[in-house]
Amino acid sequence: MPGYNLPKTYDFSAIEEPLYAWWEEKGFFKPWNDPNLPNFDPSHKPFVISIPPPNVTGELHLGHAMFVAMEDLMIRYHRMKGEPTLWIPGTDHAGIATQLLVERELAKEGLRREQLGRDEFLRRVWAWKEKYGNIITRQIRRLGASCDWSRERFTLDAGLSRAVREAFVRLYEKGLIYRGLRMINWSPGLRTAVSDLEVEYSEEPGTLYYFKYVLADDPNTYIPVATTRPETILGDTAVAVHPQDERYSAFVGRKVRVPILNRLIPVISDPYVDPQFGTGALKVTPAHDPNDYQIALRHNLEIINIMTEEARINEAGGPYAGLDRFECRKKLWEDMRAAGLVIKEEPYTLTVPRSQRGGEIIEPRLSEQWFVRIKPLAEAALRAVQEGRIRIIPERFTKIYYNWMENIQDWCISRQLWWGHRIPVWYCDDCGAMTVAREDPTHCATCGSMRIHQDEDVLDTWFSSGLWPFSTLGWPEETPDYKYFYPTSVLETGYDILFFWVARMIMFGLEFTGREPFHTVYLHGLIRDEHGQKMSKTKGNVIDPLEVMNQMGTDALRFTLLVGSTPGNDINLSLKKVEANRNFANKVWNAGRFVIGALDMCPLAPQGAPQWTLADSWIWARLQNLLREVERLFESYQFGEAGRQIYDFFWSEFADWYIEIAKIQLAEGGDRAFYTAYTLVRVLDTCLRLLHPFTPFVTEALWGHLKKAAQSKSEAFAPKEGWAEALIIARWPEPKAAEEWEEQKVAEFSLIQEIVRAIRNVRTEKKVPPARKIPTVMVAGEHADMLKEQTQILAALAGIASDHFHILEKRDTKPGNEITLVVSGIEVYIPLADLVDPAEERTRLETELSEAEQQIARLEALLAGPFAQRAPSHIVEKERQKLETFRETAQRLREQLQALGE
RNA sequence: GGGCGGAUAGCUCAGUAGGUUAGAGCGCCUCCCUUACAAGGAGGAGGUCAUGGGUUCGAGUCCCGUUCCGCCCA
């Protein structure tokens, strides 16, 4: 009995790693149709996903687990459908994150990167990357990701760097990249610019500070002004009021004195000022506020920067120079209070810009940076979605995408970091011209001078990520991979990076390749804890996917993520759910053990043509229905629902009913046993295929055992197309149109199930010991023949004593002292004197009768109304059938009650 | 301020072709170690599908309004 040689419990820990190694070694992760090989056939359409590149120095979290599960599901599905399938893995260099990590390490040695110099520092980062860079990819393997590792890419690889260089130069040449002095978001901690998207705004309690702007020519008069950031007073270059504001019109054109510094600045009028806010007079700090900067441009105001890169006050701040921005706020305010310039303070809720990374307060800063002129790119990207060339799932995100694309601002792409793609721009020390080149230049393109130096900054990591779908395939080279695999098929990622990444890939893809980089965008939700809270270290509710896999297996985690989620919606993950799915994997394993064992209990070959039993036909019909459902759901990206249906079929129909009945059929021996084993093998085989994209390990392992057992038994158990080398490349089950006989068999089997449940129910109610067999008489009218054929099964499943079991068409003797059930018009009598209490029996029958009568009344009303005329006939017919059955049931119940009354 | 999502069993959620007795997992109650599986089996309790209207023969599902929770953008 080979089935029983398998362990009783599915032991994932012994199976996962070797299985993954085997898949990879066998080359199953590579597309079977490879444009680099001689037998390549370009006529097959490939299915391609490029992985959302994780941070090269990162470690696995549930977000990774989610996208790997989701993408591996799609990849395995398409691979099994026979499409040449490619999933390109890789990582990105994560400029800021990685640089921070290495700087932190340096700090332990008491070093700063400036002390090492750029080259030495970069050498250290690369060393770091070599050392820790493959942790994340190893962890991704652990999840079962079937990506083609021979094509792995890294954003700082030579090839991808070339793509970045090419992209930059092209945009520059088209005038879509420019350098300019702009108000940007500055991260004082990181000492670099960040993009708009990297800033988060949070409402926080703060203070509104009211103070006096004293008139230069009249020390006793002042304009009251309110601010949330008093330290910026040091950089004020005007006070602005609304042109129509009569309170202040007399002051316009005059000068006021900057507190403490005593600089004289003008009072101006500008419609931007909101007379309702604060005092209605606005202090203008052009170098430290985007709106003030605009005002300054309109009025030609002086622009005074008062802060260093680290947000300390610089020499422009006079006595406050050297103070941190918040220390300065306190000190200045105290000094102003002492000088009698303070009016009052009010609690005020402010909107604080914070760095998405680290959370420090972002400082608006006037600075020279590189920008992408985004409008033309965005317009094309907008059209691609509007015209349906790219579809976003779930659909509601298209609106969000439109909204962002329509209001997009130029993208600040320069970062004051060292780790990244250095901006390919050289400045001439002689003529001052810029040279922008694909190859590092040796001299100035304008004057020929050799005295040139490269821009110090690097590009935003997302700039290189935006090229990912094609840079990974060799672009700008027209490589065989690029020509065959691009455009890719589906881009799958979390909705939180729709703008950061997806939108930019679409813009860049269209701009550089002239094609949409993918036809479908599938967005998954974020993973939260079991009560919907965001996971965070401070809350202590972080679930480590590696730990979960160690405890419950990769399949359990994957199945939980896949089945517990719906497109675009967040998922609340609890370990209880993972545990339930571990149990499912174990259920599959054990059903497999049974089927494999069954092969030993049947003959090698049948004597005659199959005589399918009701159960055989039923499970087959249900399986066919499942195939149709799964196909429909996969096509509409409803993977979770598909998984749920497979789960339900496997457990509640195949395992709970068919396997139980198969035990009886196998015991019959002969052809019955053979065809039962055959059905078991076929259904299990099909289920394993359907489940494989969800739970690759347990299915592959079990399928291997099944294949071996079946092969060693007889070729008669092989699938039509023969046994594939491995489940991962076995054929996906294709659905067929429903056949005539299916409905009838399903209906008949439902009746069997109903009867069995009714008897089990009454057994429990009457506390009949499980082992006790009970006598039973069924009176089944037109169903009698059908039920007779199922005698054995009914007896076994309901615990009926075979030699006291009678199925009749009609009953002529009067009912005696017995329990009576009526199931869909079929009478079931259990003559057990010791169990019967006539009063109880009467009550039970009355309750059931009243329920039936309620249904009859409901259905009669329904069928008497407009429903009968308006609803489709098959729906009406269904209700008529129901009514008929209830009437019959009610009639039987009345007879019983009458008999009881005699 | 604009947009989006959610509200279904004690908890977490499915229910995306509208079909008339609303499902799962977990939790709870009863019983059972029956040779696939106690990570299991059998039975059971538990829901006016947030709310008010509308469309329809028929609404958890479609439309409009309201309330609460969450997210995104400005």
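None of the values given here were measured: they were computed from a predicted structure. Just so we're on the same page: letters track the sequence lines, and every chain starts at 1.
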Residues two or more places apart in sequence or in another chain: which of them pass ring-ring contact (aromatic ring centres under 6.0 Å, His included) with [X]?
X        : answer
A:Tyr495 : A:Phe397
A:Tyr401 : none
A:Phe650 : A:Phe654
A:Trp404 : A:Phe499

ask   = What parts of residues 754-764 of chain A reach RNA chain B, counting only heavy atoms under 4.0 Å away?
value =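 RNA chain B contact set from residues 754-764 of chain A: A:Arg757, A:Arg760, A:Asn761, A:Thr764.
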
query = Contacts to RNA chain B from residues 656-664 of chain A, heavy-atom cutoff under 4.0 Å, which residues?
reply = A:Asp656, A:Ile659, A:Glu660, A:Lys663

If you restrict it to nitrogen or oxygen atoms, what contacts under 3.5 Å exist between nucleotides 69-71 of chain B and the protein, and what is each distance?
none

ask   = What pairs of residues pass the side-chain hydrogen bond (donor to acceptor under 3.5 Å, both in side chains) test when at least one of them lies in residues 549-568 of chain A, not counting sequence neighbours?
value =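 Residue pairs with at least one partner in residues 549-568 of chain A: A:Glu16-A:Thr554, A:Asp72-A:Arg558, A:Arg142-A:Asn550, A:Thr560-A:Asn581, A:Thr566-A:Asn569.
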
Protein-nucleotides 3-8 of chain B N/O pairs closer than 3.5 Å?
from	atom 1	to	atom 2	distance (Å)
B:G3	O3'	A:Lys399	NZ	3.4
B:C4	OP1	A:Lys399	NZ	2.6

message = Pairs counted only when both distances fall under 3.5 Å, Watson-Crick or G-U: show me the 5' to 3' dot-bracket for RNA chain B, [ ] for pseudoknotted crossings and | for other-strand partners.
response = ((((((((.[[[[.)...(...]]]].(((((.......))))).....[[[[[..)....]]]]]))))))).

Would you mind writing out the side-chain donor-acceptor pairs for residues 847-857 of chain A within the sub-3.5 Å range, not counting sequence neighbours?
from	atom 1	to	atom 2	distance (Å)
A:Thr847	OG1	A:Thr843	O	2.7
A:Glu848	OE2	A:Arg844	NH1	3.3
A:Glu853	OE2	A:Arg894	NH2	3.3
A:Gln855	OE1	A:Arg858	NE	3.0
A:Gln855	OE1	A:Arg858	NH2	3.0

key: side chain to side chain donor-acceptor pair (under 3.5 Å) against A:Asp648, all qualifying residues, sequence neighbours excluded   =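 Partners of A:Asp648 under the side chain to side chain donor-acceptor pair (under 3.5 Å) test: none.
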
